[in-house]
Amino acid sequence: MLESERLGDPAWDCEGGMSEERVFAELQSNASTLHESIRLHLERNFAPDARKYLRTFSSAEAADFLGLTPGHLRKLHAEEKIPDVSMDQRGRRTYSAEDLGQIRLALARATRDPSLYLRGRIGGEPLQILSCVSFKGGSAKTTTTAYLSQWYALHGYRVLVIDMDPQASLSSMTGLRPEIDFAHKGTIYDAIRYDDPLPMSEVIRSTYFHGLDIAAGGLILSEYETETPFALRRGVEPPFYLRLREAILSVEASYDLVFIDCPPQLGFLTLSSLVAASSIIVPVVPNFIDVASLAQFLTMTSSLLDTIRESGMSLEYDFLRYLVSRFEPSDGPQAQVAGLLRANFGNRVMTETFLKSTAIADAGLTHQTLFEVGRGSMNRNTFDRAMESVNAVARELEQEIHKAWGRL
């Protein structure tokens with residue numbers, strides 16, 4: 001455009017920049033174009049009824065999930081004390097997640113202590129609601145939530161995951177396509193919205209993991225951030241910080257554990273998740289930028305939660321744990337920062353760490369976890385190291401959960 005033409009164009013201001021009206025129009029146009037491109041891409045590459053399916057597991061993996069040795073598992077099959085399963089072309093048994101559930105039931109019926117195999121809460125043990133929260137993007141918050149929720153589902157717990165992040169990355173990892181599946185309704189937003197909310201049971205979906213359900217996220221959750229100030233002025237009840245908690249409690253009989261993936265910012269969605277929680281997990285990448293961000297997050301969070309507490313809300317947590325994530329043990333500076341965290345927070349920092357791994361990263365490229373891709377799809381040593389890290393973190397956290405239930 002010539003200078004004389006540009007100066008005569010109302011879309012440009014006198015200093016040579018774009019006018020405010022033009023900026024908003026451009027942003028809106030770009031957003032619409034991108035949404036449409038994503039929708040068309042998904043429709044071209046995924047059939048409308050396409051869904052992910054969980055692979056079957058080897059006898060060694062099944063024995064680990066069930067808390068048995070491979071030899072004991074073979075003996076139970078030979079004695080016909082547990083349901084039989086399918087075999088592959090080489091005559092080896094393969095186990096689906098549903099098979100594991102049926103075997104657990106059979107083992108529980110045959111023992112004096114069913115909790116050895118049915119590991120969920122018993123009697124009056126309270127629902128554990130664990131919010132995974134971080135102020136910093138890239139802390140492996142969503143990855144942590146995905147791996148932990150899948151681990152507990154495969155180990156016999158009834159698990160619900162709630163995706164409170166408008167980016168809906170966790171929902172995508174469970175095989176859902178927010179741009180297509182939730183174009184109109186069906187996310188957690190519908191259960192906590194201020195106008196005519198839906199029952200929580202109507203927004204929960206089963207996943208391809210046996211024992212794992214999800215209340216999905218989506219871009220519509222951003223509306224909650226803008227609607228809440230108006231709702232506060234109108235005195236809408238229940239207030240924003242109780243709406244998620246009440247939605248979860250309406251389905252508490254169906255679950256043992258609830259994992260909430262929070263957005264990487266301190267807004268009304270994150271505060272709602274913190275108030276709903278019975279316990280908190282804070283993933284921290286051990287570098288000084290992330291630790292500085294953590295310090296800011298803790299300062300702001302404590303101030304805001306104190307304001308909520310002054311309104312009469314009791315905030316008590318069974319435990320708060322910092323999880324060192326994306327950890328590289330051979331990295332000297334990372335080891336120093338991890339030591340700094342332990343020196344400051346003591347046993348609030350989990351002993352086990354979530355290792356940085358190419359196996360986890362490679363699986364994540366296709367929105368999968370190691371439970372889905374299997375050991376044969378990559379370098380076995382790399383796979384085993386990553387899975388050992390996941391197992392160690394989950395087992396340490398399981399001890400905290402059992403303490404909260406009064407078992408230890």
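Below, each value reflects all heavy atoms present in this structure, side chains not excepted, and no hydrogens, waters or symmetry copies. Being a predicted model, the structure only gives us computed values, none of them experimental.
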Output for pair (T174 OG1, Q150 CD), nearest 0.5 Å, gives 8.5 Å
Task: N/O donor-acceptor pair under 3.5 Å between W405 side chain and P126 backbone - done: yes
With a 6.0 Å cut-off on the ring centroids, do Y95 and H77 count as close? yes
So does R395 pair up with D64, basic N to acidic O under 4.0 Å? yes
| query | If only atom types and distance count, is the side chain of Y147 paired as donor or acceptor with the main-chain N or O of L370 below 3.5 Å? | reply | yes
query: Does the side chain of L176 reach to within under 4.5 Å of the side chain of R205, using non-hydrogen atoms?
result: yes
Do the rings of Y152 and Y157 sit parallel, tilted or perpendicular, given the 30° and 60° boundaries? perpendicular
query = Would you find a donor on one side and an acceptor on the other, under 3.5 Å apart, between the side chain of T207 and the backbone of D213?
reply = no
Tell me whether E225 contacts the main-chain N or O of L269 through its side chain, where contact means a donor paired with an acceptor under 3.5 Å. yes
| said: Do I220 and K185 have side chains that approach each other closer than 4.5 Å (heavy atoms only, starting at C-beta)? | reply: no
Centre-to-centre under 6.0 Å for F345 and Y322, is that the case here?
yes
Check your understanding: Under a 4.5 Å cut-off applied to non-hydrogen side-chain atoms, are T187 and V203 in contact?
Key -> no
So CG of L130 and CG of L397: to nearest 0.5 Å the spacing works out to 6.0 Å
Original post:
Okay, side chain of T301, backbone of F297: is any donor-acceptor separation there less than 3.5 Å?
Top reply: yes
_Check: D99/S96 side-chain N/O donor and acceptor closer than 3.5 Å_ = yes
- Examine distances only and state if a side-chain atom of S115 and a backbone atom of L118 form a donor-acceptor pair shorter than 3.5 Å. no
Review point. Ring centres of F240 and F268 under 6.0 Å apart?
Key: yes
May I ask you to check whether D163 and S171 show a side-chain donor-acceptor distance below 3.5 Å?
yes
_Pairwise side-chain contact, R121 with Y255, heavy-atom cut-off 4.5 Å (strictly under)_ = no
* Short N-O contact, E125 and R407, less than 4.0 angstrom -> yes
Do we see a donor-acceptor contact under 3.5 Å between the side chains of Q368 and T366?
yes
Taking the side chain as everything from C-beta on, heavy atoms only, tell me whether S58 gets closer than 4.5 Å to R92. no
Exercise for review: Kindly indicate whether a cation-pi arrangement holds for R233 with F230, taking the cut-offs as under 6.0 Å to the six-membered ring centre and within 45° of the axis.
Suggested key: yes
- Would one find more than 12 heavy atoms of other residues, nucleotides or ligands at under 6.0 Å from atom CG of L365? yes
**Report entry** Enclosure of D113 CG (heavy-atom neighbours >12, cutoff 6.0 Å)
**Finding:** yes
R342 side-chain N/O to N347 backbone N/O, donor-acceptor pair under 3.5 Å: no
Indicate whether any N or O donor in one side chain lies under 3.5 Å from an N or O acceptor in the other, for D256 and Q128.
no
Derivation and outcome, side chain to side chain donor-acceptor pair (under 3.5 Å), residues T142 and D261:
CA-CA 6 Å; T142 297; D261 185 28; 2.8 Å; yes
CG (D384) and OG (S357) are apart, to the nearest 0.5 Å, by 10.5 Å
>> Checking side-chain polar atoms at under 3.5 Å, does N287 have a donor or acceptor matched by the opposite partner on D290?
In response: yes
query = Is there a donor-acceptor contact under 3.5 Å from the side chain of S149 to the main chain of T145?
reply = yes
Which of H155, E398, H402 passes side chain to side chain donor-acceptor pair (under 3.5 Å) with R119? It is E398
task = May I ask you to decide if I129's main-chain N or O and S278's side chain share a donor-acceptor pair within less than 3.5 Å?
result = yes
Test item: M173 and S169 side chains (from C-beta on) under 4.5 Å apart, heavy atoms:
no
Less than 3.5 Å apart, any donor N or O on the side chain of Y194 or T228 sitting next to an acceptor on the other? yes
Value for CZ (F327) from OG (S325), rounded to nearest 0.5 Å, stands at 11.0 Å
Rounded to the nearest 0.5 Å, the CG atom of L274 sits from the CZ atom of R245 at a distance of 12.5 Å
The reported gap from CD1 in I192 to CD1 in I162 (rounded to nearest 0.5 angstrom) is 9.0 Å
Exercise for the section: Kindly say whether D196 contributes a backbone atom to a donor-acceptor pair with the side chain of R193 at under 3.5 angstrom? Expected result: yes
